[in-house]
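Reminder, nothing fancy here: chain letters follow the sequence lines and each chain counts from 1.
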Number of protein chains: 2
Amino acid sequence: MLGLEPISRETVGGRVYRDLRELIMAGQISPGERLSIRALASALGTSVMPVRDAVAKLAAEQALEVLPNRAVRVPPMTQDRFEELRAIRLLLEGHAVEIATARMTPARLARLHAIHAEFEAEHDRSEPDAGALVRLNKDFHFHIYETAEMPSLLRIIEGLWLQIGPVLNYDLRSKSRRTKDRTALGFHLALVQAAARGDAAGARAALVGDINAAGDFILSCGALLGASPAERPERGRGAKRA
Amino acid sequence: MLGLEPISRETVGGRVYRDLRELIMAGQISPGERLSIRALASALGTSVMPVRDAVAKLAAEQALEVLPNRAVRVPPMTQDRFEELRAIRLLLEGHAVEIATARMTPARLARLHAIHAEFEAEHDRSEPDAGALVRLNKDFHFHIYETAEMPSLLRIIEGLWLQIGPVLNYDLRSKSRRTKDRTALGFHLALVQAAARGDAAGARAALVGDINAAGDFILSCGALLGASPAERPERGRGAKRA
DNA sequence: CGCCCTTAACTGAGATCACATATCGCACGC
DNA sequence: GCGTGCGATATGTGATCTCAGTTAAGGGCG
């Protein structure tokens with residue numbers, strides 16, 4: 001006995017929240033696209049209530065935005081906001097890396113190596129799956145951050161990734177990612193090695209290099225709004241029906 | 001014309017959210033106290049729906065906590081969490097102060113002086129109002145942070161204050177606050193002066209001193225949970241009826 | 001006299017209903 | 001032919017209802 005299951009201790013609202021969050025982080029919803037609560041509800045096979053809760057929570061985390069019209073959409077990324085978020089990331093994730101280096105254990109270091117190897121393997125494939133790369137990159141970073149054992153900090157960093165996720169992935173799957181991933185691999189390797197020898201400053205430097213390189217690449221792509229148009233009503237309103 | 005009014009462009013849910021947020025920040029709800037959505041709704045004169053949205057949003061910001069029983073309460077502050085939040089505050093608010101010093105304008109500096117004077121005046125009264133002191137302290141800090149013109153950063157800092165608010169005020173209104181406020185005044189003055197002469201490092205140092213002093217005081221009070229009991233069911237369940 | 005079980009009230013979650021508002025299409029009139 | 005105004009559609013918001021799970025109290029049994 002006892003091998004039943006953790007009950008259904010999961011609320012529908014929670015599931016909707018996580019699904020939506022995943023969708024945004026993976027960049028499945030392009031910035032500026034408007035969402036319809038009713039459409040989402042019917043697509044997910046529930047009523048509007050859980051969806052409303054999830055949307056409210058995501059809006060509180062700045063992952064979604066409610067326009068004065070009360071329409072909901074993924075907030076378009078401006079260059080200013082992107083640079084601000086990058087500056088905050090450098091601060092917080094840099095700190096997390098330093099603490100993580102100090103608290104690194106052999107087991108966690110081995111796991112980090114494994115994730116890095118997976119990332120490298122996926123990259124070396126003839127047809128790398130963009131989604132897998134995004135996921136492995138996220139796993140790599142967050143495995144380090146979790147090592148710092150600072151749950152509140154981790155939470156904030158997740159919020160930041162949630163905000164930059166859309167453009168980060170939008171970019172990753174569209175442009176020539178070959179060179180970018182190569183640099184990412186280099187920084188990741190340097191980060192692993194620095195963590196292995198307990199070099200907090202070195203680990204931080206590697207992370208800063210990683211974040212800055214990725215950020216520069218995105219900025220150079222010109223995919224971000226200067227500060228003006230902000231409007232692209234996205235003719236097909238609402239989400240895909242079920 | 002045009003001086004009409006912004007219509008009633010305010011949703012009930014938004015008002016409930018702000019009210020609840022204010023209540024938590026002001027420490028009106030003691031940590032560990034359980035909240036009843038229905039009770040809150042009847043107290044606020046609305047239905048459960050807007051309250052549920054507000055609670056969901058606050059839970060997303062870690063200002064409220066949903067127990068596995070699905071009961072909602074203000075999360076009790078542990079010593080670990082408090083120290084972690086303080087470390088994050090030092091990072092983010094320290095950064096904000098440095099940027100704000102660089103972007104300080106004469107007008108904003110004057111306003112900062114005025115707020116500091118108000119704070120000092122309230123403190124020098126024979127019977128200082130604890131609530132007013134809390135509000136002025138918050139105004140002082142956030143006027144600086146706003147000067148940095150980093151909206152996302154400001155948002156995160158607000159979230160941090162929301163989490164430490166309860167214990168901060170609980171402490172401020174109970175114990176001998178005389179000495180603590182004196183030190184706060186000193187750090188605030190040093191902060192204003194450093195900002196006035198464009199000394200970013202000095203401003204940061206003053207802020208670090210302020211945060212650390214306040215934190216040490218609270219930690220020394222022993223009002224925080226070591227890590228164990230965490231439970232005080234708070235016999236009177238729910239909130240005060242209307 | 002004490003422990004445990006039953007029961008009743010309460011709470012949160014989800015669905016459905018009702019209403020105000022925004023969006024878009026279309027016809028009328030200039 | 002084109003701009004303006006009206007109306008239909010859809011959407012978000014708030015209220016009400018039902019259901020399942022939890023909690024606490026009261027009564028029965030050991």
Side-chain angles (χ1 to χ4, degrees), chain A residues 4-20 29 32-60 64-74 231-242, chain B residues 4-20 29 32-60 64-74 231-242:
Chain A
L4 313 173
E5 50 171 320
I7 317 295
S8 165
R9 188 57 79 183
E10 165 119 66
T11 71
V12 177
R15 193 178 62 83
V16 173
Y17 170 72
R18 203 144 9 87
D19 286 0
L20 235 61
I29 309 174
E33 183 172 341
R34 285 198 302 214
L35 298 178
S36 157
I37 291 183
R38 280 180 157 86
L40 283 173
S42 78
L44 292 166
T46 73
S47 82
V48 301
M49 265 250 311
V51 179
R52 191 199 304 195
D53 283 1
V55 166
K57 286 177 78 171
L58 289 167
L64 291 178
E65 170 185 57
V66 290
L67 298 151
N69 326 341
R70 281 162 186 177
V72 179
R73 70 169 181 182
V74 178
E231 286 306 329
R232 195 182 44 164
E234 203 72 27
R235 199 64 175 190
R237 90 157 34 175
K240 308 119 196 98
R241 301 276 171 170
Chain B
L4 312 171
E5 49 171 320
I7 315 292
S8 163
R9 185 61 76 185
E10 161 118 70
T11 73
V12 178
R15 193 177 64 82
V16 173
Y17 171 71
R18 203 143 6 89
D19 286 0
L20 235 63
I29 308 174
E33 183 174 342
R34 283 199 302 216
L35 299 179
S36 157
I37 291 184
R38 281 178 156 85
L40 282 173
S42 77
L44 292 166
T46 73
S47 81
V48 301
M49 266 258 311
V51 180
R52 189 196 305 193
D53 283 2
V55 166
K57 286 177 78 171
L58 289 167
L64 291 178
E65 173 185 54
V66 291
L67 297 139
N69 322 343
R70 281 159 187 178
V72 179
R73 71 172 180 180
V74 179
E231 286 306 329
R232 195 182 41 164
E234 203 72 26
R235 200 63 175 191
R237 91 153 38 169
K240 307 111 196 112
R241 303 273 172 171

- prompt: Rounded to the nearest Å, what distance is computed from the CD1 atom of residue B:I37 to the P atom of nucleotide C:dT11?
  reply: 11 Å
statement: Test side-chain contact (heavy atoms from CB on, under 4.5 Å), reference A:V51, set A:V72, A:L35, A:T46, output is A:T46
Euclidean distance, atom CG of residue A:N69 to atom C1' of D:dT13 [Å, nearest integer]: 15 Å
- line: Atom CZ of B:R73 and atom C1' of D:dT23 are separated, to the nearest Å, by 16 Å
field: Nearest-angstrom distance from the residue atom CZ of A:R70 to C1' of D:dT11
entry: 11 Å
message: Is any side-chain heavy atom of A:L40 closer than 4.5 Å to one of A:L20?
response: yes
- prompt: Atom CG of B:L40 and atom C1' of D:dA15: how far apart are they, to the nearest Å?
  reply: 17 Å
Between the protein and nucleotides 14-16 of chain C, list the N/O to N/O atom pairs that are separated by less than 3.5 angstrom.
unit_1	atom_1	unit_2	atom_2	d
C:dG14	OP1	A:V12	N	2.5
C:dG14	OP1	A:G13	N	3.3
C:dG14	N7	B:R52	NH1	3.3
C:dG14	N7	B:R52	NH2	3.2
C:dA15	OP2	A:S47	N	2.9
C:dA15	OP2	A:S47	OG	2.5

- prompt: How long is the line joining OH of B:Y17 and P of D:dG14, in whole Å?
  reply: 15 Å
- request: Mind checking the CZ-NZ spacing from A:R18 to A:K57? Nearest 0.5 Å is all I need.
  value: 9.5 Å
statement: Rounded to the nearest 0.5 Å, the CD1 atom of A:I37 sits from the OG atom of A:S47 at a distance of 11.0 Å
query: Taking NZ, NE, NH1 and NH2 as the nitrogens, is one of them in B:R15 or B:D19 under 4.0 Å from a carboxylate oxygen of the other?
result: yes
statement: Against the side chain of B:R34, the closest entry in C:dC24, D:dG12, D:dA24 is D:dA24
statement: A:R38 CZ to C:dA22 C1', in whole Å, measures 13 Å
statement: Rounded to 10°, the helix from C:dC1-D:dG30 to C:dC30-D:dG1 deviates from straight, judged by its five-pair end axes, by 0°
Length of the line joining A:L64:CG and D:dT11:P, which is rounded to integer Å: 17 Å
- request: May I ask you to test the B:L58-B:Y17 pair for a side-chain heavy-atom distance under 4.5 Å?
  value: yes
Smallest separation among heavy atoms of A:R73 and A:G32, with atom names: CD-O, 3.9 Å
query: Are any non-hydrogen side-chain atoms of B:E65 and B:V74 less than 4.5 angstrom apart?
result: no
Check: A:E33 and A:I29 side chains under 4.5 Å, non-hydrogen atoms: yes
